[in-house]
Amino acid sequence: MGAVGLLIVLTLIVVGFAAPLIAPHDPIDQLRGHRLEGPSADFWFGTDEFSRDIFSRAVYGLRASILVSIFAVGAFGTLGTVVGFVAGYFRGWVDAIAMRVVDSMLAFPGLLLAIAILAALGAGIQNVALAIGIGAFPRFARIGRAQMLSESSRDYVTAARVTGAGEIRIMFRHVAVNALPPLLVQAALSMAGAVLIEASLGYLGLGTEPPQPSLGNLINGARAHLDKWNYFALPGAVLAMFLVGLNLLADATNEAMDPHRRRR
Amino acid sequence: MAVHVIRRLIQAIPVMLLASIFVFSILQLVPGDPATNLAGPDASDQDVEIIRERLGLDKPMFEQYLSWIGGALRGDLGDSFRSSRPVSELLRNALAPTLELTLVAFSIELVLGVVLGVMAGTRLRSLWDWGLSAFTIVGIAIPHFVLGLVLLYFVGFKLGWLPIGGRVPLTEDPIEGLRYLVLPALVLGLTGASVLARFVRTSIAQVMNQDYIRTARAKGLAGRAVVVRHGLRNGLVPVVTVVALQFAALLTGSVVVENVFSRPGVGRLVVGAIQARDYPVVQGALLFLVFGFICINLFADIMYGILDPRIRFS
């Protein structure tokens, strides 16, 4: 199942990045005389109320969603991990303060946190990435800290210290490598979460601002034209497929990293 | 026991404090000056100053926070910029629809999650089990708004069986109210049911491997009785916390679902207020949702300690 997930995700990522090559029309261009048409050879997903090609908008929306999620999880996941490592390594008051902040961030469910941040900063693709990233941050900090706590009492860390390795070197050259598996699992889970939140924000009208397409705001536009099944169902199917792929991948990563689950 | 409960309660205080500071600071982070925004483009400097004073925006930030949170603790969250009505009143009106939705969704989730989980968990690697895997993957992955629109299209638009949006209070007309409620609650409950079914499946599968299950079978107890009397009772203990956490997730899910089905509620209130830049309402509703979320999680934590003594002492 993991292979299926990987295949879906890779295919859609390629489609997203190759958006300018794949999309038959401009995602924002209004093609006069083609308002709210059904799927056809020329418009695979039909056209919307502004006579724009829905397929092209879906492909570009997919790209936006991928970019936002990779940036958010990559940048803030790394940041969270480093904060967690530092807190776990030095312990004491650094740890206490960092973990209280992390706890209170975890008290916010991801979507609510993102909504709160966007309420303050306003819509727009950068703010969406920031809002999703801030939500991903505490989970990585938690795991980074736990890994550091369990690894730093191991013999190989003592050995490294005896040979005169510096603190930064121990943290990143020795512990980080061994702490990787659970962080990878979290990265896979966070990617799926990020794509879902990005789409939900877009649907709520808080994400990417029209006319720029996102899968979420595209489907939001379809709410007013419920009689046109192609308008919500086809972009919705793309989004759902991407999310199914990401979830399968996350499950497979989790199983591969956890010998207890693999045996069952 | 009491120590465990008290310790958990004390631990929740700084979290709530930080969360409230965060919600409060939303208004401070908004680009531009709130008083100027509110006064509109035609206002004179004098008008802006009057508004600033009336909202207390001229005081130091710390003082503003204290008066806001002090008011919130007494149930006063200020007045809406847009309608000038008290935020607490708007929240109170939005609470019933949201509770109605989450509670019905929660019941769907519980029944579906436990039944599907037990069926798969007692028949590992059967067709049932495979079916459940497919169901949970789809249930977890598909966004509420996609599933919601698909159901609206078929059941509401094509077949015309159910209304495509809005709400009738259950207390006013239970039958009509349910007709408005069933689709949103189903959409919201399905995600949770998928998560729950997975947990129940694993938990039941583990329990069914125990010796006492074999003993029960050996002494001639019928299959169903073994599952219900021995399997369920032991298998559902670890599930209790998951259930509480899932209820918290329903609270956030309702934000999207309410907007898909045009139902009034706290989620609708938040999103509408953000779009209208009605910041007192945004703050009040977010504070309410976050505190609700924290309280449910706290309850789950305490329950877990009660059910499993090992947690209490670690």
Side-chain angles (χ1 to χ4, degrees), chain A residues 1 5 100-123 192 195-206 215-216 219-220 222-223 226-229 231-233 235-248 250-251 261 264, chain B residues 11-12 14-19 21-23 25-31 124 133 137-138 140-150 152-154 156-158 164-165 202 205 248-249 251-253 255-256 259-260 262 267 270-271 273-275 277 279 282-283 286 289-291 293-294 297:
Chain A
M1 286 316 263
R100 278 292 87 77
V101 173
V102 164
D103 276 351
S104 67
M105 288 172 81
L106 279 176
F108 281 82
L111 183 64
L112 272 193
L113 182 70
I115 288 177
I117 292 169
L118 288 176
L121 302 179
V195 171
L196 179 59
I197 292 178
E198 194 270 343
S200 304
L201 290 170
Y203 182 81
L204 293 174
L206 306 172
L215 285 172
I219 297 168
N220 184 21
R223 175 67 173 93
L226 206 56
D227 52 328
K228 304 277 183 267
W229 67 272
Y231 195 170
F232 67 85
V238 173
L239 176 61
M241 220 163 74
F242 193 31
L243 283 166
V244 167
L246 282 169
N247 276 293
L248 286 176
D251 274 357
R261 279 190 64 184
R264 233 185 289 136
Chain B
Q11 278 170 353
V15 172
M16 285 190 168
L17 197 69
L18 278 171
I21 291 174
F22 180 78
V23 170
S25 58
I26 289 172
L27 188 60
Q28 321 300 323
L29 288 169
V30 173
L124 287 184
S133 299
I137 287 164
V138 171
I140 291 169
I142 292 199
H144 289 133
F145 59 93
V146 174
L147 185 62
L149 287 177
V150 171
L152 271 181
Y153 177 77
F154 282 112
F157 178 74
K158 273 276 156 181
I164 60 167
T202 317
L251 212 54
T252 33
V255 176
V256 173
N259 281 284
V260 173
S262 316
V270 175
V271 174
I274 291 174
Q275 275 152 358
R277 300 177 174 278
Y279 293 108
V282 175
Q283 287 180 318
L286 279 178
L289 285 174
V290 171
F291 272 26
F293 190 81
I294 295 175
N297 280 343

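Quick note on labels: first sequence line is chain A, next is B, and so on, each numbered from 1.
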Choice from B:T252, B:I142, B:V270 maximising heavy atom contacts with chain A below 4.5 Å: B:T252
Side-chain donor or acceptor of A:R223 paired with backbone N/O of B:V260 under 3.5 Å: yes
Under 4.5 Å from a heavy atom of chain B, the part of A:A233 involved: neither
Region of A:L248 in contact with chain B, defined by heavy-atom distances below 4.5 Å: side chain
Option passing side-chain contact (heavy atoms from CB on, under 4.5 Å) with B:P143 (candidates A:V195, A:I219, A:L243): A:L243
Part of A:D227 within contact of chain B (heavy atom distance under 4.5 Å): both
Contacting moiety of A:N247, where chain B heavy atoms sit under 4.5 Å: side chain
Region of A:I115 in contact with chain B, defined by heavy-atom distances below 4.5 Å: both
Portion of A:L111 that has a non-hydrogen atom of chain B nearer than 4.5 angstrom: side chain
Part of A:A192 within contact of chain B (heavy atom distance under 4.5 Å): neither
Donor-acceptor contact present, side-chain B:Q275 to main-chain A:L204, <3.5 Å: yes
Under 4.5 Å from any heavy atom of chain A - which part of B:V282: side chain
